[in-house]
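Scroll down for the structure; my scribbles are underneath it.
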2 protein chains.
Amino acid sequence: MSIAIENFVKAIYKNGKRDNNDTKPGNIAKELGISNAAATDMAKKLAIKDLINYEKYQELKLTVKGNKMALNVIRKHRLWEALLFKLFDMSLHDIHREAELLEHQTSDLLANKISEYLGNPKFDPHGDPIPNADGEITTTDTSISLSNSEEGKNYIISRLMSDDKEFFDFCAQHGLKYGNTVLVSKQFSKNKMTQILINNNTILLNEDFTSIIYVNEQD
Amino acid sequence: MSIAIENFVKAIYKNGKRDNNDTKPGNIAKELGISNAAATDMAKKLAIKDLINYEKYQELKLTVKGNKMALNVIRKHRLWEALLFKLFDMSLHDIHREAELLEHQTSDLLANKISEYLGNPKFDPHGDPIPNADGEITTTDTSISLSNSEEGKNYIISRLMSDDKEFFDFCAQHGLKYGNTVLVSKQFSKNKMTQILINNNTILLNEDFTSIIYVNEQD
DNA sequence: AAAAATATTTAAGCTTACTTAAATTTATTT
DNA sequence: AAATAAATTTAAGTAAGCTTAAATATTTTT
C-alpha cells in the first residue's frame, strides 16, 4: 500500500476521533492538502480495497481492515517520536515532521524493535497512546481538554494534540509539556479565554489552545 | 527530488565505483530492477535537472550536483545502518533493507543528529566509509579484496560489500565480520578458491565471496 | 568485414495521484 | 418552501515512473 493510501486512512482516523467528527471528503482533503476531487477519487479506490465504506455524500467510514492500517501507521509514527525524543535533542515539532515521513518506511519488525528498545512505552512524547503490535490501544484516556476544565483546580498535562510549530514553540517557552502541573486560575466564559498558572507564571490561553491541551485532574 | 531519482543517481555512483565501471542504462536498470527503456527515459530527465551528463549510447556520468546527491543519500543510508546496528539486535541484511527505505525520508538535520549521537563515525557496520555532511569521504581505503590476498598472510576484515541475505547469513555463521582476523591459508589459482582460517575454523570461499570481502594486511 | 548477438533508444500505453472546471447534490439562509 | 451557499461528484487532463514492442545502434563473433 502506498504512502498516499496510508496517509488517507490515517486522516480519516484522526478526523473521526476529533470532536467535529467530520470524515467527509472535503475535511480529509483539507487535512491532507489535496483537492476535494482527489479525496473523492481516493475514497472510491479505498472502498474497492475494502479499507473504507463509501456511500456518495456520506461520511467516509473505515472498515476493520482500514482501521487496522491506520493504527499500524500511527503506532509507527508514535514509536519514532518516542525514539527520536529519547535519543536526540530536537524540538517536538521537528520530531513530528521526521516521524511523519519515517512512519511509512518502517517494517513491522523494526517497529517492534523500537518498541522493545524503549521498554514498550504506552505513550509518545505528546502523551498520545501508542497502539500495540495488534493495532490496539489498551490504555483508557480519561483526560479532558483545558476548555472543559474547572476554575481553581490543579491538573496534569497529559496530551498536546497538535502538529503545529507555533503551538509547540509556545508550549516549550512556557513549560507546557507532558507531565507538568497547571492550575486553572480563571475561566472567562464570555470570550472563552482561560487563565492558568504554570511554573509560577500566569498565562492566558484562547480556545484554539485550550481545546488541544488535554489534562487529568490532580488527586 | 523523488525516491526514484535518488535511487537512480545512487545506482550510477555505485556501479561507477565497481571494477566493471559500467554505468550504461542497461546496467543501472539491472541494479534497480527496472526496464532498460525506463532507465534511458530517466537518464534524459536527470540530464535536464543537471544531475547527469547524458549522451546517446554512452556511459551515464554524474555531474558535481548529481555526485553530491548520491553521496548525501549514501551518507544517510550508512548512518541509519550504524544506528540500527548499535541499538537493535538485527541481522546486517535486515538492517540494510530498513536503511534502503529510511535513507530517502531523512532530513539533513536528522542525519546530523544521528551522526553526532554515534560520535561521527567514519565507517558503517559493513566497513563502508560514511560521507561527511558536505558529501565528502575523507578516509582513504587501502583495503584489497580477498581474491587479491596472499597465501600465508594475516588480514583484518574491513568491508563486506554486499546486500545479499545469503551472503550475510554465511558471514554471521562463520564469524566473518568487520574487524575480525583471517589467515589466508591457501589460494587455489586454478578454480579461484581461497582457503581461510577464521575463529579456528578452516573454510573455503569461491570467487563470488572473495571478491566482495575486503581486508587490510595485519602489521 | 560481414553476420549475429546484444544493448540502447523510441514509441505507445498504463497506473497512481493528483489538478481544474463544470455539474450535481446537500445544507443553510431568508 | 424557495433561494442561495457550500460541498461533493463527475469529467477531462497532467506528470511521474514505469511497461512492452519495435526500431536503431553498437559490440562481439566468426
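Scope of the values below: all heavy atoms of this structure, side chains included, with no hydrogens, waters or symmetry mates. Protein chains get the first letters and strands the later ones, always in sequence-line order, with residue 1 at the start of each.
In this structure, the separation between CG on B/Leu84 and CG on B/Leu79 is 10.5 Å, given to the nearest 0.5 Å.
B/Asp41 places its CG atom 19 Å from the P atom of C/dA7, with the value rounded to the nearest Å. Computed from coordinates, the A/Lys49 NZ to C/dT15 P distance equals 12 Å when rounded to whole Å. Atom CE of A/Met1 is separated from atom P of C/dT15 by 17 Å (rounded to the nearest Å). Counting to the nearest Å, the C1' atom of C/dT16 and the CZ atom of A/Phe8 are 14 Å from each other. A straight line from CD of A/Glu55 to P of C/dT25 spans 16 Å, rounded to a whole angstrom. Atoms CG (A/Leu60) and P (D/dA7) sit 15 Å apart, rounded to a whole Å. Distance, B/Lys44 NZ to D/dA15 C1': 16 Å, rounded to whole Å. The distance between atom CD1 of A/Ile28 and atom C1' of C/dC18, rounded to the nearest whole Å, is 17 Å.
Within 4.0 Å (heavy atoms only), B/Lys45 reaches at least one base atom of the nucleic acid. Backbone-only engagement by B/Tyr54 is indicated by non-hydrogen atom pairs under 4.0 Å involving sugar-phosphate atoms exclusively. Across all strands shown, B/Lys30 has no heavy atoms under 4.0 Å from either base or sugar-phosphate atoms.
Where A/Ala37 and B/Asn27 each meet DNA chain C at their nearest nucleotide, the meeting point lying more 5' is that of B/Asn27. Comparing A/Tyr57 and A/Ile3, the nucleotide of DNA chain C nearest to each residue sits closer to the 5' end for A/Ile3.
Within 6.0 Å of the CG atom in A/Asp89, the count of heavy atoms belonging to other residues, nucleotides or ligands does not exceed 12. Summarising the local packing, NZ of B/Lys61 is surrounded by 12 or fewer heavy atoms from other residues, nucleotides or ligands at distances under 6.0 Å.
Ring geometry for B/Tyr178 versus B/Phe123: interplanar angle of 30 to 60°, hence tilted.
No side-chain donor from either of B/His104 and A/Gln105 sits under 3.5 Å from a side-chain acceptor of the other. Judged purely by distance below 3.5 Å, without hydrogens or angles, the side chains of A/Ser149 and A/Gln187 pair a donor atom with an acceptor atom.
Residue A/Asn36 has its side chain nearest to D/dA7 when only C/dA11, D/dA7, C/dA7 are considered. Side-chain atoms of B/Lys24 lie closest to D/dT27 of the nucleotides D/dT8, C/dT19, D/dT27. The nucleotide whose nearest atom lies closest to any side-chain atom of B/Thr40 is, among D/dT19, D/dA7, C/dT8, C/dT8. The side chain of A/Ser2 approaches C/dA17 more closely than any other nucleotide in the set D/dT24, D/dT20, C/dA17. For B/Met42, taking side-chain heavy atoms from C-beta onward, the closest of the listed nucleotides D/dC18, C/dA17, C/dT9 is D/dC18. Between C/dT10, C/dC18, C/dT8, one nucleotide has an atom nearer to the side chain of A/Ala4 than all others, and that is C/dC18.
In terms of phosphate contacts, A/Ser35 brings no side-chain nitrogen or oxygen within less than 4.0 Å of OP1 or OP2 of C/dC18. Applying the 4.0 Å criterion to OP1 and OP2 of C/dT26, one finds that A/Lys56 has every side-chain N and O outside that range.
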